[in-house]
Protein chains: 2
Amino acid sequence: MQHDAWSPPPVLLTVDLVILTLREGHLHTLLVERGEDPFRGMSALPGGFLNHDGEEILDAAHRELSEETALTSSWVHLEQLGVYGESGRDPRGRVVSVAHLAIAPGLPNPVAGTDATDAAWVPAHAVLSGKVELAFDHRRIATDGIEYARTKLEFSSLATAFCGAEFTIAELQQVYEAVWGTALDTRNFYRKVQAAKGFIIPVGADRRSTGGRPAQLYRAGPKTVLFPPLIRPAPPATEEKTREEE
Amino acid sequence: MQHDAWSPPPVLLTVDLVILTLREGHLHTLLVERGEDPFRGMSALPGGFLNHDGEEILDAAHRELSEETALTSSWVHLEQLGVYGESGRDPRGRVVSVAHLAIAPGLPNPVAGTDATDAAWVPAHAVLSGKVELAFDHRRIATDGIEYARTKLEFSSLATAFCGAEFTIAELQQVYEAVWGTALDTRNFYRKVQAAKGFIIPVGADRRSTGGRPAQLYRAGPKTVLFPPLIRPAPPATEEKTREEE
DNA sequence: CTCTTTATTGTGCAAGTGACAGTAACTGAA
DNA sequence: TTCAGTTACTGTCACTTGCACAATAAAGAG
């Protein structure tokens with residue numbers, strides 16, 4: 001039904017990253033201060049355009065990640081979140097962003113990347129509550145990314161991505177507590193993570209010498225899907241008024 | 001680090017649809033026969049380029065859906081699946097596809113759309129098993145979409161999207177059995193769906209006059225997340241040899 | 001040796017799950 | 001009217017899983 005002269009409208013593709021890590025027991029995400037003109041000076045998620053026509057999207061995400069964090073690129077979990085392509089989201093024109101979720105253990109202090117004058121770890125709750133303003137629709141992307149991570153912690157071994165190669169069960173529990181923002185019962189947590197076969201496997205004892213009994217060390221197992229899952233406890237019933245009908 | 005002359009490489013954006021429905025108690029997906037040149041004559045998922053620079057991605061998906069199915073666009077569940085943008089996936093150049101999952105009740109026979117010479121419902125197992133060849137990476141997209149739907153049936157009220165506005169529990173059970181490809185115990189199914197508050201709510205009796213007792217009619221409730229979830233039974237232990245360590 | 005700290009293992013009860021059978025409400029034919 | 005046929009729904013019981021809660025084990029410090 002189109003004329004022969006019609007050709008599809010080209011769009012520009014960006015890659016944006018929600019990079020999560022744990023710092024001082026709390027969930028943080030990496031934000032940069034924009035040095036280029038749209039929203040210059042405002043906070044934003046790390047990201048950028050494809051470098052050239054043949055660059056793979058996942059490769060671009062890895063590139064942006066190492067530009068911002070100077071990371072070895074191993075030991076990071078990187079995964080696609082979704083597409084954000086609303087027509088008005090970028091004043092430069094039709095820019096479609098492929099959002100990614102990155103998770104890594106105790107990341108070093110960030111370095112300023114190409115398009116960013118500064119980069120810093122910001123507590124997740126500051127983003128969720130709207131305390132910090134983000135450029136474009138990055139607030140939405142970050143919120144979606146954090147919620148996605150929270151859900152995925154229940155059914156996958158994603159939590160081990162927050163830890164180093166070897167970790168204790170107590171450390172793993174701190175990951176869950178930090179990401180979910182809730183306290184967990186230590187005894188039940190031990191039983192659950194060990195019941196999920198292939199989740200974590202023991203290696204050798206350690207003496208973290210925090211003053212107590214040394215903890216058994218574990219490393220991530222082969223299984224990526226958790227069964228049984230670790231169901232996140234429901235938040236303290238807010239307006240849980242379920243109306244009885246008629 | 002780039003010169004001022006550098007500009008981001010433009011890409012072409014397509015929208016592809018995995019449209020699922022139930023026909024004769026089995027899961028079907030809609031495939032079209034391509035009438036245009038890349039992969040002309042081969043089966044493919046319905047989809048196409050953005051119409052113009054300002055068209056929203058979700059709107060484009062709705063447009064392609066109605067072009068192919070002549071659907072009222074209400075009563076359809078439409079949701080983004082993910083991005084498929086490998087550089088070699090389309091011989092025409094850098095074409096990035098935003099895959100969508102569409103689910104609708106008992107759809108009418110399809111009509112040939114713009115770029116398709118023919119459209120037909122194909123059993124899902126024919127796609128999964130590779131019995132039908134698909135253009136581009138559409139086999140992968142369709143597989144991901146079906147698996148996504150199967151998983152989401154467990155934790156969300158997605159199954160009601162396969163039914164009409166009003167449905168019986170037996171019909172809902174047929175949805176689960178068709179999508180999962182397994183038989184379910186009717187008594188336990190009744191208990192579970194009614195235990196998940198807000199999943200389905202009763203309206204008034206009906207006489208489906210299939211010869212038996214009339215079935216209570218229900219409509220989809222407000223809750224989209226199912227709790228407790230309806231866990232999909234594990235397939236008959238194939239090579240479930242869990243090795244006991246040391 | 002005792003106290004403190006952290007790690008790890010048990011125990012009981014309530015709720016959920018799965019396997020299984022019986023009852024209820026209609027239609028249609030004898 | 002009765003009875004067979006068909007479909008919709010409800011009930012039970014053994015078993016597993018879930019969560020709340022407490023006790024024990026293994027270090028270091030004095």
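So you know, we letter chains A, B, ... as the sequences are listed, proteins then strands, and number each from 1. The structure presented is a predicted model; accordingly, all values stated were derived computationally and were not measured.
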Checklist entry - What do you reckon, are the aromatic ring centroids of Phe155(B) and Phe155(A) less than 6.0 Å apart? => result yes
Item to check | salt bridge (charged side-chain N to carboxylate O under 4.0 Å, His left out) contacts touching residues 150-172 of chain B (sequence neighbours left out) | outcome: Glu79(B)-Lys152(B), Glu154(B)-Arg232(B), Glu171(B)-Arg208(B)
Item to check | salt bridge (charged side-chain N to carboxylate O under 4.0 Å, His left out) contacts in which one or both residues fall within residues 187-196 of chain A, not counting sequence neighbours | outcome: Asp185(A)-Arg187(A)
Item to check | Contact interval (first through last nucleotide) of DNA chain D with protein chain B, 4.0 Å heavy-atom | outcome: dG5(D) to dG11(D)
Checklist entry - Under 4.0 Å: is that the gap between some side-chain N or O of Lys192(B) and OP1 or OP2 of dG18(C)? => result yes
Whole-Å distance separating the [atom1] atom of [X] from the [atom2] atom of [N]:
X	N	atom1	atom2	value
Lys197(B)	dG16(C)	NZ	P	12 Å
Leu226(B)	dG16(C)	CG	C1'	15 Å
Phe189(B)	dT17(C)	CZ	P	14 Å

Checklist outcome for this item: Expected list for residues 150-167 of chain A near DNA chain D, using heavy atoms below 4.0 Å, is none
Which residues pass the side chain to side chain contact (heavy atoms under 4.5 Å, CB included) test with [X], sequence neighbours left out?
X	answer
Gln173(B)	Glu177(B), Leu184(B), Thr186(B), Phe189(B)
Pro228(A)	none
Ala196(B)	Phe199(B), Leu226(B)

Item to check | By side chain to side chain donor-acceptor pair (under 3.5 Å) - contacts of His100(B) (at least two apart) | outcome: none
Next on the checklist: List the residues meeting side chain to side chain donor-acceptor pair (under 3.5 Å) with Glu133(A), not counting sequence neighbours, and say none if there are none.
Outcome noted: none
Checklist entry - Should the ring pair Tyr176(B) and Trp180(B) be called parallel, tilted or perpendicular, given that the plane angle runs from 0 to 90° and is split at 30 and 60? => result perpendicular
For a quick test of your reading: what N or O donor-acceptor pairs under 3.5 Å do the side chains of residues 24-32 of chain B make, sequence neighbours left out?
residue, atom, partner, partner atom, Å
His28(B), ND1, His26(B), O, 2.9
Thr29(B), OG1, Ile19(B), O, 3.2

Item to check | Test salt bridge (Lys or Arg N to Asp or Glu O under 4.0 Å) applied to Arg139(A) - qualifying residues, sequence neighbours left out | outcome: none
Filtered N/O pairs between nucleotides 9-12 of chain C and protein, under 3.5 Å:
none

Checklist entry - When we call it a touch if two heavy atoms are under 4.0 Å apart, what does Ala195(B) touch: a base, just sugar-phosphate, or nothing? => result nothing
Checklist entry - On DNA chain D, nearest-nucleotide positions of Pro214(B) versus Gly211(B): which is more 5'? => result Gly211(B)
Item to check | Residue whose closest nucleotide on DNA chain C lies nearer the 5' end, Pro229(B) versus Ile169(A) | outcome: Ile169(A)
